[in-house]
Structures are given as structure tokens and as C-alpha cells.
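In what follows, a single structure is set out as C-alpha cells and then discussed.
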Amino acid sequence: MAMLGSVLLPSPMVLASEGIKKVTTTSSSPIRPLKNCKTVDQLKMFHRSLAKQGLENDVSSITKLVARSCELGTRESLSFARELFDSKGNGESYGSRFMYNSLIRGYASSGLCEEALSLFLRMMVDGISPDKYTFPFGLSACAKSRANRDGIQIHGLIVKMDYAKDMFVQNSLLHFYAECGELDLARKVFDEMPQRNVVSWTSMICGYARRDLAKDAVDLFFEMIRSEDVRPNSFTMVCVVSACAKLEDLETGEKVYAFIRDSGIEVNDLMVSALVDMYMKCSAIDTAKQLFEQYGARNLDLCNAMASNYVRKGLTKEALGVLNLMMESGVRPDRISMLSAISSCSQMRNILWGKSCHGFVLRNGFQNWDNICNALIDMYMKCNRQDTAFKIFDRMSNKTVVTWNSIVAGYVDNGEVEAAWETFKIMPEKNIVSWNTIIGALVQESMFEEAIEVFRSMQSQEGVNADGVTMMSIASACGHLGALDLAKWMYYYIEKNGIELDVRLGTTLVDMFSRCGDPDSAMSIFDSLTNRDVSAWTAAIRAMAMSGNAKRAIELFNEMIEQGLQPDGVVFVGALTACSHGGLVQQGKEIFNSMEKVHGVSPQDVHYGCMVDLLGRAGLLEEALQLIKSMPMEPNDVIWNSLLSACRGQGNVEMAAYAAERIQVLAPERTGSYVLLSNVYASAGRWNDVAKVRLSMKEKGLRKPPGTSLVEIRGKTHEFTSGDESHPEMPRIEAMLDEISHLGHVPDLGNVLMDVDDQEKRFMLSRHSEKLAMAFGLISSKKGTTIRIVKNLRVCSDCHSFAKLASKVYNREIVLRDNNRFHFISQGKCSCNDFW
DNA sequence: TTAGGGTTAG
């Protein structure tokens, strides 16, 4: 805290230097030679000395003075040059070609591109034709200001005036096309050059590196060093290093660094920054730190590279530490440094430090830079200071897509999805980040179908292409919906569009396919993944566990350990769940006992929950209860619920009542426990107790959540709610249900938790959501296709046997996912062996 | 004469 304080509350040294303008020397020093003049005052003095020598109208002298003035490249020196240029000497304009060239170059290199281009135009109007020097300056101005049309016109002029064979002109054209994103045209210029120098190669390599074509940049670099007619210099190497950073390719990066050292290319400040950035992006943080320490904290750009990478990795304290170090070494943070600082505060949701940063920004005049405004808006939104965020937003004259995205993301962060959506709708321009933000928000809010809907409308937008982030959200939505057709289409989409299948996206896809009841696809994706981390293994273990293949799940778990990965708490949940579903009591116990002893992972309540579940399902109720009592932490309602549901399976009414009592104390709002308890009583025929439980629910204003089932037909999901007959196809669904009933299905009336007559019970059972979905699936899909149903609650045993019968009679595979696991039902048999 | 890294939002 103390360390960070000095970043945010500037030290006395910084305060003293702030706000004090540089004092310019006005002492009467002797007249310097022109090449030594470094300030406008010195130039003006030189100009006065010309007058004393009677040379104030001498074209040659004035031309040299203008050239020097332009070389300095400050706003003041450029306007002084322009003043001289506009004045007349001996009744004649000073506008020689050389002067035009000097000024155009000066304007272009200081970023005053409009001035440069308007002077280019005036030059021609004045009847002075551009030459081989004018064209590169003009094109440089076009490249910088993305004046694409002007650049193309200049190209025409170059051809017309026969300058197209000049290497410098060709290099400038190449650079211009690369900068405005026309890489193919740039490459055409490059390929057709009869001779190339280091600038030609560097411009082409850099063009690729800057346009997400880093691979091409690296390839071209290796081609360059093979060609041997030209050697790379530090300009080239900075580009190549940055390309390796973008590729996150450490191996090539190290080769490139070795090349730099071997060939004695100067490692300047810019190169060190590029190298540090490369090592950070490749996650070689220690190497980056070594370089950083070697070259010191006095280098502003280096500090910025380090800080921004720390921020990207979420290492906010380290980022602020670098900024702190800079200040201590007397290096003043610039606006780039402040972007990292503000972003750190935003990530930490630290409004106090964020405000300090804002203060620093204001004191140093950075507040008019769009990027700083965007970062501040993001910070204030994330810190829940929307008013301040909007004040900055309203004052911005140049709101970009990033500005709008910050607002949308801020709303999402605050859980205001509605406001995010409204903002998203009205924003003038949307990019992939905007779409990903809103899609991610919908998925987060469990609005899966809406998320997919938005994704579909995104695809009709020109210039917006889904990326890995989009696909992760959509995969998650598909998984929750259990929509297999959609999931398959998505996988195809990823392949077709060349979206990189990295380990994160891969893991999401494994999860998606396993949730959609397609463990084979899940495993084939898992097999194809390189660099599998613990999350990837967890997804595969879960896939096997959910599909009832407990043995394979445990094999995978062991393979993971053999490969030397350190298991975390999450993967143990997967492994224990597998044991529980497969009834592997002994293996479950062994894994549970190994957690702390072998792997140093202390079991959390969730792991105890898995064990209670495992023991309970295996009928070891007493042992499960003892385990609960031995827990080092207070058992939560979920654990008691596991016990309760085991009691239901075993018909242990007393222990069920005890567990239910505990749950009602710990989580009185938990409806499931009441339902389970009344279930236990109903199975035992204790209708009075059932009635008591129902009354107690009613008194507390609790209602059993309605059962709902989804069924996917030709890529569209249909939702059914228990007892709801509003579906337009209801008459046909009813006919289907009747047909199955007449085929010999004997309703298991014990599933009806109400004391009504048997006919009524039969009717209620026939309107269970999974039955409605099943019947609809049978009548609306082609013969032989698999019917996939996702239910929000547990599948009832009557529906389970109903599904088994239907699978046999109609020769259909039925995949039923409930809130706990999958049932793969085929030819009258279920993968769960009627034990779930 | 021409060429260079890092820069906020998911």
C-alpha cells in the first residue's frame, strides 16, 4: 500500500516539477552555425544575423534556414519555417522545390499530414512539379493519416511522371499500401522491385507484423536472411521481435534474439522494449524481468511495455510496482503509462487510486486523449461511478467503438444487462468486442437462446467475424441447452472459419459436447488438444462421468497424474462424481484420502458432498452420516441434501426427516428438500406427513419449481412445462402418449406426491414435461433419429421406464439429460442401469 | 529522401 501510494499521490519531487514550464534561455549567446541551432529562438537569432549581413533576402540562405527549421520538427519551428516560406524576398516568392520538399517533409514527420498534403497540392498549382524527394514525403503523409485516396492519386502521378522505377519511391509506395491495409498491393510493389534495400524488406515485414499477419512477417524475415543481398538492421529486428510477440512464439523469439546478438545489431531502447514485450507475451516473465532489470527503470518505454503486459495478465500490483519504480527513478509517467495505471485501478475496482490517477491525468494535460478517456470511463463504470463516467463520455468529441464498448461492458459488470442491451442497440459502430460483450452477458444471465439469437444476427453483419471468445460463449450456451445439432454446427463453423482451437476453446467444446450427450465427439476433441491443462483434463473426466463411463473417467484422472500435472480441487470433484455415478466406492475412498496426503489439496465441503453422495448411493447411509459429522467445517445444505436424496433411494424415512430438518435451518428457501422429503413420505404411504410438508411449504410461500424439458428438433429447441397443454401440436402429442400407454406402460403412481385418486395420478404423470417432450420428439423427427431431451430437475422413475419402453417399441435412441447426469436409453435399456 | 516496439473495451 505504501509502495503504491507514491504512484497515486505524487511525491514532492514530482509535485515540484509539475506545472512548471520549461524556462527558455534568452541569454545573448553568440550566433551559432545553422546546424547547431536547436531552438526556434536560436533560429530567429540566426535570421536576424542574416539581416545584419544584408542577406535577409538571400534565397540560398533563407532556404537553408527553412530546411533547418523543418528538421527541428516542433510546432514552433514549423510555423517559423512557414512564415519565412510565405514571405517574399525581392518581390519574389521563396517557393523553390527544395523549400516545398523541406516543409512537406517537416509536416509529415510531425504528423501534420493535412498541411503536408495541401502544400503538395499547392506546389503543383504553383507549377512546380514534384520530384523523387517530394513523392516519398507525400506518401508518408498519406500513410500516417490513412489518406488512402490521396495516396492512390499520388501513385497515378508517379507512374505518369515516370518516377515508378525509383527505389525510394517504390519503398514509399510499399509502405503506404501496407499502412492502409492493402497488403496484397504492397506485396505486388515488393515483388516487382528489380532491386530492394533493407527499407524495402523492413517495410514489408513490418506491414505484415502490424496487420495480424505475424506469421508472414517472420517467414519473410527468414527469406530475407537467406537471400543474403541485404542485411537486416535494428529497424527490421524490432518488427520481427514484435511479430514473435504477437505469435506468442517463444522458440522463434529466442532464435531471433540470438540472431541479433550474433550479428551485432544494435540493441537500442526500442529493441529492449520489443524484447521485453515479446518475453511477457510468451509468458516468460522471469526472462522479461531479467532484461528489464538489466536495462533499468529509467527507460520510459521499457517501463510502459512491462506495465502494460502486467495489466494484461491481471497482475495489477506488479504493474503499479513498475510505475512506482519509474517515479522513484525520476522518470515521469507519460499518457501510455497512465493507461496501464488506470486499467489496473479498474481491474482492482479501486476508486480511490483511480481518482488519484485521474488527478494526475488532469495535472499533466492528458485528459484530451481519447484512449485515456476510454480507460477512465471503463474505470468509473467498473467502480460503479456511472455519473462520472458519463460526464467524461459526454465531453468526448471523438467517441470510438472502444468508448461505447466500455459503457456496455461497465453495465454488464454491474449486472445491468438491460441497460447494456439498450446501449448496444444504439451504438453507432459495433466490432467483435461489442458483440462478444453482449453475447457473454446473455450467457452469464442464462439467456442461452437469446445469446444464440444475437450470435445469428451478428453473422449477417459485414466486417464482423466471430473469434475464439465468441465461440466460447456460444459453446457454453449450446452446452446448457443440450442442443446437439447446434453444437455440431458450431464445431463445423469453427473449422470452416479457421478459428484457432486453443486449449481454452477446446475445453469449452469438450464440455459442450458432453453436456449435449455426445461423449464421443467430446473425447475426440480432447484427444486432438495439445498442451492440455488441468481444466482440459477435468472436462474430459466430467464427460466420461456424465455419460456413465466411470471407469474411463478414473483412467483419465490417473493418466493426468502420471503426466505430472498437479490436480486442483475442481478435478477432484470430477473424479469423485465419476466414482459416485459408477458406484465405485473403494476407488472413491482412495481418491478422497489421497487428496491431502498425496497431492496437498485439502478437501472442501464440495468434496465431502461428493463422498456423501457416493456412500449414500451405495446404500452406506450410516457411513455417510458419520462422514458428515466428522467434517472439519460446518456441513452445508447441499451435503444434507445429498444425504436426503440417498435416504429417498433407500427408503430411510427417519434419516431423511433428520436431514430435511437440517436443510430447513440452513437454507429455508430451498424447495428441493421439501419436495424430496415429501417424496420419501409419499413412497412410504405417509400421506399425513406429505400434507404437513406441503402445508409448511405453502406457509413459507415456497413453490415447487415446475418441471421443464427441452427437446431439439432440426436445430430449434422446444420447451415443455409439466401440465402445460398449450403447445399447438397438443392433440397429436396426446395421441402419441395414449399409443404408448396402450403398449403396456404401467404407470408408477408412487411418483405422484399428492393424495389424489389413481386416475388423477395417472393423468398427472402423463403430463410430465419429459413425456410431453418425448412424444413431441417422436412425432416431429424422422424415424431412427435420436431424441435428445434436457430436463431441469431429476427425471422421475415413471418417465424413465416410459422412455425405455418407447426406445424399444419405436427403435429410437433417447438421450435424457437431467440436472445431475445423462441417461442414454436404447432398446429398452438405460446406461444408468436404473440406478441414479 | 523511404522503414521501427508498447497504447483502453470482450
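Note on naming: letters A, B, ... go to the chains in the order of the sequence lines (proteins, then strands), and numbering restarts at 1 for each one.
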- Note on the structure: A:Asp334 atom CG is separated from B:dT8 atom C1', nearest whole Å, by 14 Å
- Geometric class of the A:Tyr257/A:Tyr279 ring pair [parallel <30°, tilted 30-60°, perpendicular >60°]: perpendicular
- Task: Assign A:Lys430 to base, sugar-phosphate, or nothing according to its heavy-atom contacts below 4.0 angstrom with the strands shown.
- Result: nothing
- To the nearest angstrom, the CG-C1' distance between A:Leu291 and B:dG5 comes to 14 Å
- Message: Applying a 4.0 Å non-hydrogen cut-off, can you work out what A:Asn101 is touching in the nucleic acid: base, sugar-phosphate, or nothing?
- Response: nothing
- Query: So what does A:Asp277 hit on the nucleic acid, given a heavy-atom distance under 4.0 Å: a base, only sugar-phosphate, or nothing?
  - Reply: sugar-phosphate
- Note on the structure: With the side chain defined as heavy atoms from C-beta on, A:Val238 is closest, among B:dA9, B:dT1, B:dG5, to B:dG5
- Query: Between B:dT2, B:dG6, B:dA9, which nucleotide gets closest to the side-chain atoms of A:Asn431?
  - Reply: B:dA9
- Query: What nucleic acid atoms does A:Ala305 come within less than 4.0 Å of, heavy atoms only: base, sugar-phosphate, or nothing?
  - Reply: nothing
- Given B:dT2, B:dG6, B:dA9, which nucleotide is nearest the side-chain atoms of A:Ile336? B:dG6
- Does the aromatic ring of A:Phe168 sit over the six-membered base ring of B:dT2, closer than 5.5 Å centre to centre and tilted less than 30°? no
- Message: Just to be sure I understand the rule, does A:Asp166 reach a base, reach only the sugar-phosphate, or reach nothing, if contact means heavy atoms closer than 4.0 Å?
- Response: nothing
- A:Asn171 side-chain proximity, nearest of B:dG6, B:dT2, B:dA3: B:dT2
- Query: When you measure from the side chain of A:Ser308, which nucleotide among B:dA3, B:dT7, B:dG5 comes out closest?
  - Reply: B:dT7
- Using a strict cut-off of less than 4.0 Å between a Lys/Arg side-chain nitrogen and an Asp/Glu carboxylate oxygen, indicate whether A:Asp277 and A:Lys246 qualify as a salt bridge. no
- Under 3.5 Å, is there a donor-acceptor pair linking the side chains of A:Asn405 and A:Ser434? yes
- Task: Would you classify A:Ser140 as touching base, sugar-phosphate or nothing, given that sugar-phosphate means primed atoms plus P, OP1 and OP2, and contacts are heavy atoms under 4.0 Å?
- Result: sugar-phosphate
- Nearest-angstrom distance from the residue atom CE of A:Met271 to C1' of B:dG5: 10 Å
- Task: Return the nearest nucleotide to the side chain of A:Asn371; candidates are B:dT1, B:dT7, B:dA9.
- Result: B:dT7
- Task: Quickly work out the A:Phe176 CZ to B:dT1 P distance and round it to whole Å.
- Result: 23 Å
- Give A:Phe137 one of three labels, base, sugar-phosphate or nothing, depending on what nucleic acid heavy atoms sit under 4.0 Å from its own. sugar-phosphate
- Item | Given B:dT2, B:dG5, B:dT8, the nucleotide with the shortest approach to the side chain of A:Val199 | B:dT2
- Presence of A:His175 side-chain N/O under 4.0 Å of B:dA3 phosphate oxygens OP1/OP2: yes
- Item | Which nucleotide in B:dT7, B:dA9, B:dT1 has an atom nearest any side-chain atom of A:Pro136 | B:dT1
- Are A:Phe390 and A:Ile407 close enough that some pair of their side-chain heavy atoms sits under 4.5 Å apart? yes
- For B:dT7, does OP1 or OP2 lie under 4.0 Å from any side-chain N or O of A:Arg312? yes
- Message: Using a 4.0 Å heavy-atom cut-off, does A:Asn268 contact any base of the nucleic acid, only the sugar-phosphate backbone, or nothing at all?
- Response: base
- Query: Can a donor-acceptor pair under 3.5 Å be found between the side-chain atoms of A:Ser273 and the base atoms of B:dG5?
  - Reply: yes
- Between A:Trp421 and A:Phe424, how do the two ring planes meet: parallel, tilted or perpendicular, split at 30° and 60°? parallel
- Message: Please report the distance, rounded to the nearest Å, between CG in A:Asp467 and P in B:dA9.
- Response: 15 Å
- Round to a whole Å and report the spacing from CZ of A:Phe366 to P of B:dT7. 17 Å
- With heavy atoms under 4.0 Å as the rule, sort A:Ser343 into base, sugar-phosphate or nothing. sugar-phosphate
- Query: Using the ring of each side chain (for Trp, its six-membered ring), is A:Phe120 parallel, tilted or perpendicular to A:Phe135, with breaks at 30° and 60°?
  - Reply: tilted
- What's the NZ-C1' distance between A:Lys313 and B:dG6, to the nearest Å? 15 Å
- What is the distance, rounded to the nearest whole Å, between atom NZ of A:Lys246 and atom P of B:dG4? 12 Å
- Measure up the A:Phe259 and A:Phe221 rings against each other and bin them: parallel (under 30°), tilted (30 to 60°), perpendicular (over 60°). perpendicular
- Message: Applying a 4.0 Å non-hydrogen cut-off, can you work out what A:Asn309 is touching in the nucleic acid: base, sugar-phosphate, or nothing?
- Response: nothing
- Message: By the 4.0 Å heavy-atom rule, please label A:Thr437 as base, sugar-phosphate, or nothing.
- Response: sugar-phosphate
